[in-house]
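Below is one structure, written out as structure tokens; comments come after it.
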Amino acid sequence: MAVSAKISPISLHPDLHNPLNPKPHKPKSLNLTPNPLNPINNASLPFKRTQEIYALNTTTNTIDSPNLNSDLTQLCLLGNLKKALKHLDFMVERHVAVEENAWVSLISLCEMKRAAREGVIVYARIADSMRGGGFGVQLGNALLSMFVRFGELDEAWHVFGKMGERDVFSWNVMIGGYAKAGFFDEALSLYHRMLWVGGGKPDIYTFPCVLRTCGGIPDLGRGREVHVHVIRFGFESDVDVTNALITMYVKCGDVHSARLVFDVMPKRDRISWNAMISGYIENGRCLEGLALFSIMQSHVVEPDLMTVTAVVFCYVYDFGNLEEAEKLFYTMDFKDIVSWTTMISGYYKNGLPRKSIEVYEQMQSEGLLPDEVTIAIVLSSCARLGLLDTGVKLHEFANQTGHIAYTIVGNNLIDMYSKCNIVDKALEVFKQIPEKNVISWTSIILGLRINNRSFEALNFFRQMILQLKPNAVTLVVALSASARIGALMCGKEIHAYALRSHLEFDGVLSNALLDMYVRCGRLEYSQNQFNLHKDKDVTSWNIFLTGYASQGRGELAGNVFKTMLNEKMNPDEVTFIALLCACSRSGMVDEGLEYFNNMELRYSISPNLKHYACVVDLLGRAGRLGEAYELIKTMPVQPDAAVWGALLNSCKIHRQVELGEIAAKCIFERDTKSVGYYVLLCNLYAESGRWDGVARVRRMMREKGIIVDPGCSWVEVKGSVHAFLSGDESHPQMSEINAALDGLQERMKTIGFDMSKNRFDNEIESSKADIFCGHSERMAVAFGLISTVPGMPIWVSKNLYMCRICHDAVKYISKIVRREITVRDTEQFHHFKDGICSCGDEGYWGRDDK
DNA sequence: TTAGGGTTAG
């Protein structure tokens with residue numbers, strides 16, 4: 001038979017939707033309805049029979065089975081669940097058999113009152129009384145309907161399996177239940193089973209349920225098949241069925257077919273218009289949606305909330321026309337939570353988070369409470385603005401109302417706390433999310449990463465992949481954490497993972513990979529990734545250029561820039577920052593100035609503060625401090641702290657205390673919070689032997705509560721990252737590390753270098769000078785040396801600037817152990833080989849004329 | 001029992 005070929009074997013297995021089966025497309029919604037069991041006042045009951053029932057049964061103990069059953073039904077009809085349950089207890093205690101129709105009334109009442117707990121209790125009673133027998137159609141259907149409404153698909157499935165007989169209602173409820181919970185494939189299987197095995201004939205209620213599954217997957221092919229069924233069973237003129245058909249086509253992206261159905265409908269209701277209009281809008285065909293909207297109005301069909309919300313959405317998202325959206329929004333007489341949220345989210349998405357918070361406050365002042373979606377979006381606005389107060393208030397509200405249980409709320413709390421730099425609070429929220437999804441994990445990994453806790457971020461990433469599949473966004477975030485601490489092996493593993501799992505490589509992921517290789521200092525890998533990068537954008541070129549800049553390879557950067565122009569890629573502001581930076585690190589002053597002068601002339605990019613800071617750096621490093629200072633004084637925009645900071649750094653290199661003090665004064669007029677400038681000034685004084693100055697800056701920092709992060713270095717050995725925090729000796733191999741350092745120190749002394757005292761007359765002074773270094777890289781280098789075979793290069797990253805003593809020490813170590821050692825500090829890469837560093841010492845440290 | 005809007009991370 002032709003049809004039999006189409007039937008796939010479907011077993012009615014109770015684990016139809018267990019976790020081994022495909023995940024639901026949509027999470028079960030939480031039942032946040034308050035306990036509906038409010039005691040109903042007796043006085044409000046329309047007749048006295050209730051009291052009589054109790055009077056009769058409790059005092060006389062008469063067993064009157066038919067009457068007791070009809071009393072139970074009566075109580076249910078009255079809607080008095082509490083009394084009905086009490087009455088049920090009474091019957092059960094006396095072993096009075098409860099009739100099926102009484103059970104049906106009781107179950108229907110539980111469903112109506114949304115009394116899930118009570119429903120389960122009654123079901124247990126029913127199961128007891130059935131003693132393993134099957135349910136009749138009436139009772140079975142009532143149970144199915146109740147369990148489906150409460151989202152208890154397991155229980156519904158169990159009941160469905162125990163029904164001796166089923167009618168079309170039973171099938172409809174099950175199909176609808178699975179579809180609503182997002183188990184689309186299961187719902188479709190049930191529909192087919194109903195047709196071919198269950199012998200059921202679909203009715204007008206069946207098709208909306210089934211079509212919802214095709215739209216939900218979405219699966220246009222199967223949707224079309226169901227359309228054929230609609231015609232074959234003769235329901236093509238039913239307005240509800242046809243509306244469902246329109247929705248199905250719209251969700252499957254086939255707006256054309258939706259319109260064909262819409263056009264031939266014999267009768268249209270408001271839902272038909274809404275489905276079609278929002279169908280256009282959902283599919284990005286806003287003009288057609290708006291056109292139909294005006295036709296709708298000419299047909300004297302009053303648009304309702306749904307229509308207007310869709311049109312507002314269209315203005316906000318597709319045209320970015322917030323004014324028009326606003327106009328329409330404020331003409332709505334009645335606004336519900338969804339329409340408010342559309343507007344709030346519209347402002348957020350269009351880069352106006354402050355406005356979105358204002359609208360949210362307006363909504364509150366009109367007495368509406370936010371739901372989980374509103375909370376989530378307002379939290380995103382708080383995150384973007386760093387509005388901790390509002391965020392915390394929302395957190396408290398979510399705790400009180402139970403909305404905290406929604407994953408989306410937890411996820412946005414993580415993001416909000418992270419972006420307000422309270423990452424410990426974010427961790428707390430993360431732990432409490434009952435169902436963590438990819439976004440929960442990605443958000444916490446990102447939170448740790450942006451709060452300089454990349455090492456922990458990577459640990460979270462490792463934990464995550466044991467239980468959940470990361471997506472491209474997760475990988476981008478994890479790669480950025482790897483890049484941050486120079487964890488090349490880890491980054492490569494992520495790269496391999498991305499290839500293995502056939503993840504879609506978008507431009508952002510490819511750029512993140514490139515950035516990781518660049519920041520890990522491996523130019524050969526970077527080059528390779530750059531060549532393989534399919535859709536390079538200006539960011540890709542900029543990352544690549546920055547790589548050469550951080551390696552002090554100005555000429556190579558210049559070549560890349562030429563290639564970029566040859567390939568018709570337009571440079572942007574960042575391109576010139578990278579170029580200027582590369583020139584200044586390589587002492588290419590003239591080339592740098594030429595780029596700077598040509599920026600506006602040839603590429604119509606006007607220099608911003610960052611470009612000026614680069615040029616000050618370019619001149620200053622080269623010792624042309626006077627010119628640098630002159631440029632600051634004559635530049636057309638007001639210099640900011642970073643521009644003066646570049647001058648201060650140059651003053652430190654060339655030990656120009658006076659000019660440095662001028663720069664510092666200007667910096668602290670503009671920025672008193674950034675740690676870096678204090679460190680620079682302190683180092684300037686220390687390098688110049690001005691210990692009074694060092695003490696003064698230290699005092700300033702103490703008074704302002706400025707704390708320098710403890711020094712931390714990372715080294716990767718056999719694929720694992722080891723972190724060394726300065727002053728922390730908790731590493732399990734610490735004694736071996738110290739022994740190695742002692743050994744090296746001895747050998748260095750024989751060639752005239754003392755790691756602890758170099759350059760300074762006494763130890764106290766030397767410790768003042770390098771107080772902001774932490775020397776953590778020494779531990780990391782020593783650990784690298786003892787954990788790898790001789791000859792292997794060592795790669796270390798650190799979070800602070802390397803001090804001169806460490807720099808000298810590593811130079812000597814590279815000579816003694818004959819290894820290439822690379823240290824990446826906050827500024828650049830230092831490749832040490834045979835006692836020489838690639839940074840050329842002078843540009844970085846100034847001449848050692850002491 | 002049936003349709004329908006707003007959803008977070010790079």
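So that the names make sense, note that chain A is the first sequence line, chain B the second, and so on, each numbered from 1.
- What separates CD of A:Glu504 from C1' of B:dG10 is a distance of 15 Å, to the nearest Å.
- Rounded to the nearest 0.5 Å, atoms OH (A:Tyr191) and SG (A:Cys209) are 11.0 Å apart.
- If you check B:dG10, B:dG5, B:dT1 against the side chain of A:Asn172, the one that comes closest is B:dT1.
- Seen from the ring of A:Phe233, A:Lys201 does not count as a face-on cation partner, given the 6.0 Å and 45° thresholds.
- Residue A:Ser278 is classed as having no contact, given no heavy-atom separation below 4.0 Å to the nucleic acid.
- Summarising the geometry, the separation between CD1 on A:Ile175 and P on B:dT2 is reported as 12 Å, rounded to the nearest angstrom.
- With sequence neighbours excluded, no residue forms a ring pair (Phe, Tyr, Trp, His ring centres under 6.0 Å) with A:Phe505.
- OP1 or OP2 of B:dT7 lies within a sub-4.0 Å distance of a side-chain N or O belonging to A:Tyr317.
- When the side chain to side chain donor-acceptor pair (under 3.5 Å) test is applied to A:Asp167, the partners found at least two apart in sequence or on another chain are A:Asn141, A:Ser170.
- In terms of phosphate contacts, A:Thr374 brings no side-chain nitrogen or oxygen within less than 4.0 Å of OP1 or OP2 of B:dG6.
- Residue contacts shown for A:Asn511 are absent, as no nucleic acid heavy atom lies under 4.0 Å away.
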Given side-chain contact (heavy atoms from CB on, under 4.5 Å), test A:Glu326 with A:Lys355 step by step and report yes or no.
CA-CA 12 Å; A:Glu326 251 173 12; A:Lys355 193 90 180 130; 3.8 Å; yes
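- Note on ring orientation: taking the six-membered ring where Trp is involved, the planes of A:Tyr517 and A:His495 are tilted (angle from 30° to 60°).
- In this entry the distance linking CZ of A:Arg484 with P of B:dG10 reads 16 Å, nearest Å.
- Using a 4.0 Å heavy-atom cutoff across all strands shown, A:Lys335 reaches no nucleic acid atom at all.
- If you check every strand for non-hydrogen atoms under 4.0 Å, A:Ser145 touches nothing.
- Note on A:Asn274: nothing from the nucleic acid sits closer than 4.0 angstrom, heavy atoms only.
- Of the listed nucleotides (B:dG6, B:dT7, B:dT2), B:dG6 has the atom at the smallest distance from the side chain of A:Thr342.
- Listed pair A:Lys349 / B:dG6 fails the phosphate criterion, with no side-chain N or O lying under 4.0 Å from OP1 or OP2.
- Within the nucleic acid shown, A:Val173 has no heavy atom closer than 4.0 Å to any nucleic acid atom.
- Among the heavy atoms of the strands lying under 4.0 Å from A:Asp371 is at least one base atom, whether or not backbone atoms are also near.
- A:Leu509 comes within contact range of at least one nucleobase, with a heavy-atom separation under 4.0 Å.
- Checked against B:dT8, B:dG5, B:dG10, the side chain of A:Val476 finds its nearest nucleotide in B:dG10.
- Residue contacts shown for A:Asp203 are absent, as no nucleic acid heavy atom lies under 4.0 Å away.
- B:dT1 atom P lies 19 Å from atom OH of A:Tyr178, rounded to whole Å.
- A:Ile344 comes within 4.0 angstrom of no nucleic acid atom, judged by non-hydrogen atoms across all strands.
- Counting non-hydrogen atoms under 4.0 angstrom, A:Phe313 reaches the backbone sugars and phosphates but no base.
- With B:dT2, B:dG10, B:dG6 as the choices, the nucleotide that has an atom nearest any side-chain atom of A:Asp506 turns out to be B:dG10.
- In this structure, A:Arg268 satisfies the cation-pi test against A:Phe262, with its NZ or CZ atom closer than 6.0 Å to the six-membered ring centre and inside 45 degrees of the ring normal.
- In this structure, of B:dT2, B:dG6, B:dA9, it is B:dT2 that holds the atom nearest to the side chain of A:Tyr205.
- As rounded to whole Å, 18 Å separates atom P of B:dG5 from atom CG of A:Leu328.
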Determine, stepwise, if the pair A:Tyr417 / A:Leu413 fulfils side-chain contact (heavy atoms from CB on, under 4.5 Å).
CA-CA 6 Å; A:Tyr417 281 121; A:Leu413 280 169; 4.1 Å; yes
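- Closest to the A:Ser443 side chain, of the nucleotides B:dT7, B:dG5, B:dA9, is B:dA9.
- In this structure, the nucleotide among B:dG6, B:dT2, B:dG10 sitting nearest to the side chain of A:Asp240 is B:dT2.
- Separating the OH atom of A:Tyr360 from the P atom of B:dG6 is a distance of 20 Å, rounded to the nearest angstrom.
- Residue A:Asp336 is classed as a base contact, given a heavy-atom separation below 4.0 Å to a base.
- Between the CG atom of A:Leu448 and the P atom of B:dG10 there is a distance of 14 Å, given to the nearest Å.
- Following rounding to the nearest Å, A:Glu372 (CD) and B:dG5 (C1') show an atom-to-atom distance of 14 Å.
- The phosphate of B:dT1 has neither OP1 nor OP2 within less than 4.0 Å of any side-chain N or O from A:Lys180.
- Comparing atom distances between the A:Thr442 side chain and each of B:dT2, B:dT7, B:dA9 picks out B:dA9 as nearest.
- The base of B:dA9 is not paired with the side chain of A:Asn412 by any donor and acceptor separated by under 3.5 Å.
- Using a 4.0 Å heavy-atom criterion, one finds that A:Leu305 contacts the bases of the nucleic acid, with or without backbone contacts as well.
- Using a 4.0 Å heavy-atom cutoff across all strands shown, A:Asp415 reaches sugar-phosphate atoms only and no base atom.
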